[in-house]
Amino acid sequence: MTGNHNPYLPELATVIKVIDETPNIKSFQVVFNDAEKMKNFTFEPGQVGQLSVFGVGESTFVINSPPTRMDYLQFSVMKAGEVTTALHGIYEGDVIGVRAPLGNWFPYDFMKGKNILFIGGGIGLAPLRTLILYMLDNRADYKDITIIYGSRTPPDLCYKDELKEWEERPDVNLILTVDNEFPGWEKRTGFVPTVLREEAPKPDNTIAITCGPPIMIKFVLEGLADLKFPEENIITTLEARMKCGIGLCGRCNLGHKYICKDGPVFSLKQLKELPSDE
Ligand SMILES: Cc1cc2nc3c(=O)[nH]c(=O)nc-3n(C[C@H](O)[C@H](O)[C@H](O)COP(=O)(O)OP(=O)(O)OC[C@H]3O[C@@H](n4cnc5c(N)ncnc54)[C@H](O)[C@@H]3O)c2cc1C
Ligand code: FES
C-alpha cells in the first residue's frame, strides 16, 4: 500500500510481540506493513496513536517506546471496554490499524539541565516510560532523575523488567510503592501522593511530570503545590475521550483547546489558564 492522504484512514501494522504486563494490561509492539513508512516514521515522546481493531473501533494510546528506539512502536493497553477488550484478543502476527503520531509532546528541550521528577500510577507509567527511556538514551542532558511509581498491588506494576533495571542504575532514583501490604512485598506501601509528601523532593531546578488515575493526579498536584513547585514546572498528560484525533470533530475540547491537537501534554500553568466548564 502507498501513503494515504485521508487522515481518518489508518495505516496497516503487524503486531510482532504481545507482552502480558499485569492481569489487565498488555503491551503490543507493532511495525507498519509498509517498510518505507516504518523507516521514515518519526514522532516525539508523549505523542499518541489511534489503534483500530477492524470491525470493532478505534481508541487512543500513547506511543510508549521512545523515538530513540525505532525497531517497533510499543503501545500498552488496559482493558476498559469494547476496543481495549478486542485488542486484548490480538495475537502476534495479527494486523491492526494505526493513525499516528497525533497530539503534542513533552517539552524535553525545556527540561534539559534540570532535575526530573516522574510521578506515576498504574497504566499512567506508559506516557512517562517514553520520556524516561528517551532521557536515559540522552542521559548527559538531564540532571537527577527520580521516579515515584505505584500501583494497587505488586502484580499491577507495569514494565517489571525495566523497573528492575532502573532500580539497579546508579543514575536513577526509583521509589516503588503499592497501596497496601502484600505477601512478599518488602518495599514501600502507601498511596503515591503520600509517598511524594514523605520524600519531599526539592522544587529547585526540578520539573515534575505526572500521569495516573485522576484521583492520584489531584492529590499529587496538591502535594507539589505544598512543596512549592512552580505551576510551569508541573507537567501532566490528560486522557479525555477522543474521536478524530486531529482537531476536527470537537469531541475533546477543554475550554478553547482541543486535547487531541493542543494536548494531551499540558503544564499546570496552562491548565489553570483555561476557562472552567461551568
Ligand atoms: C491521550 C490519551 C492517551 C491514552 N493512552 C492510553 C494508554 O497508553 N493506555 C491505555 O490503556 N489507555 C490509554 N488511554 C485511554 C484509552 O484511550 C481508553 O481506555 C480507551 O479509549 C477505552 O476504549 P474502549 O473502547 O475499550 O472503552 P469503551 O467501551 O469506550 O468504554 C469503557 C469504559 O471506559 C470509560 N472510558 C473509555 N475511555 C476513557 C477515557 N479516555 N477516560 C476515562 N474513561 C474512559 C467509558 O466511559 C466506559 O465506562 C488514553 C487516552 C487518551 C485520550
Ligand atoms: S478528537 Fe476530534 S477534535 Fe479532538
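Count residues from 1 along the sequence. In listed order, ligands and their atoms are each counted from 1.
A salt bridge is defined here as a Lys NZ or Arg NE, NH1 or NH2 lying under 4.0 Å from an Asp or Glu carboxylate O, and Lys26 with Glu21 fails to meet this definition. In summary, Glu222 and Lys218 engage in a salt bridge, as defined by a charged side-chain N under 4.0 Å from a carboxylate O.
Here the options are Lys272, Lys269, Gln270, the test is side chain to side chain donor-acceptor pair (under 3.5 Å), and the partner is Glu231; only Lys272 passes.
Using a distance-only test at 3.5 Å, with no hydrogens or angles considered, no donor-acceptor pair links the side chain of Gln29 to the main chain of Lys17.
Around atom 2 (Fe) of ligand 2, protein N, O or S atoms at less than 2.8 Å comprise Cys244 SG, Cys249 SG.
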Legend entry - Test log, rule side-chain hydrogen bond (donor to acceptor under 3.5 Å, both in side chains), inputs Glu232 and Ser267: CA-CA 6 Å; Glu232 61 272 22; Ser267 69; over 6 Å; no
Inset, instruction - Starting from the C-alpha separation in whole Å, work towards a yes-or-no answer on salt bridge (Lys or Arg N to Asp or Glu O under 4.0 Å) for Glu273 and Lys257. - result: CA-CA 11 Å; Glu273 282 163 3; Lys257 301 269 189 199; over 6 Å; no
Please tabulate, one line per pair, the protein nitrogen or oxygen atoms found under 3.5 angstrom from a nitrogen or oxygen of ligand 1, with distances to 0.1 Å, or say none if there are no such pairs.
from	atom 1	to	atom 2	distance (Å)
ligand 1	5 (N)	Val62	N	3.3
ligand 1	8 (O)	Val62	N	3.2
ligand 1	9 (N)	Ser76	O	2.7
ligand 1	11 (O)	Met78	N	2.7
ligand 1	14 (N)	Thr60	O	3.2
ligand 1	17 (O)	Thr60	O	2.7
ligand 1	21 (O)	Ser59	OG	2.9
ligand 1	23 (O)	Ser59	OG	3.1
ligand 1	25 (O)	Val83	N	2.9
ligand 1	26 (O)	Gly81	N	3.0
ligand 1	26 (O)	Gly81	O	3.2
ligand 1	26 (O)	Glu82	N	3.3
ligand 1	26 (O)	Val83	N	3.2
ligand 1	26 (O)	Thr84	N	2.8
ligand 1	26 (O)	Thr84	OG1	2.5
ligand 1	29 (O)	Glu82	N	2.9
ligand 1	30 (O)	Arg241	NH2	2.7
ligand 1	38 (N)	Arg241	NE	3.0

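For the residue pair Asp137 and Thr68, a side-chain donor N or O sits within less than 3.5 Å of a side-chain acceptor on the partner. Between the side chains of Asn64 and Thr130, not a single donor N or O lies within less than 3.5 Å of an accepting N or O.
Judged by the 6.0 Å and 45° rule, Lys114 forms a cation-pi pair with Phe110.
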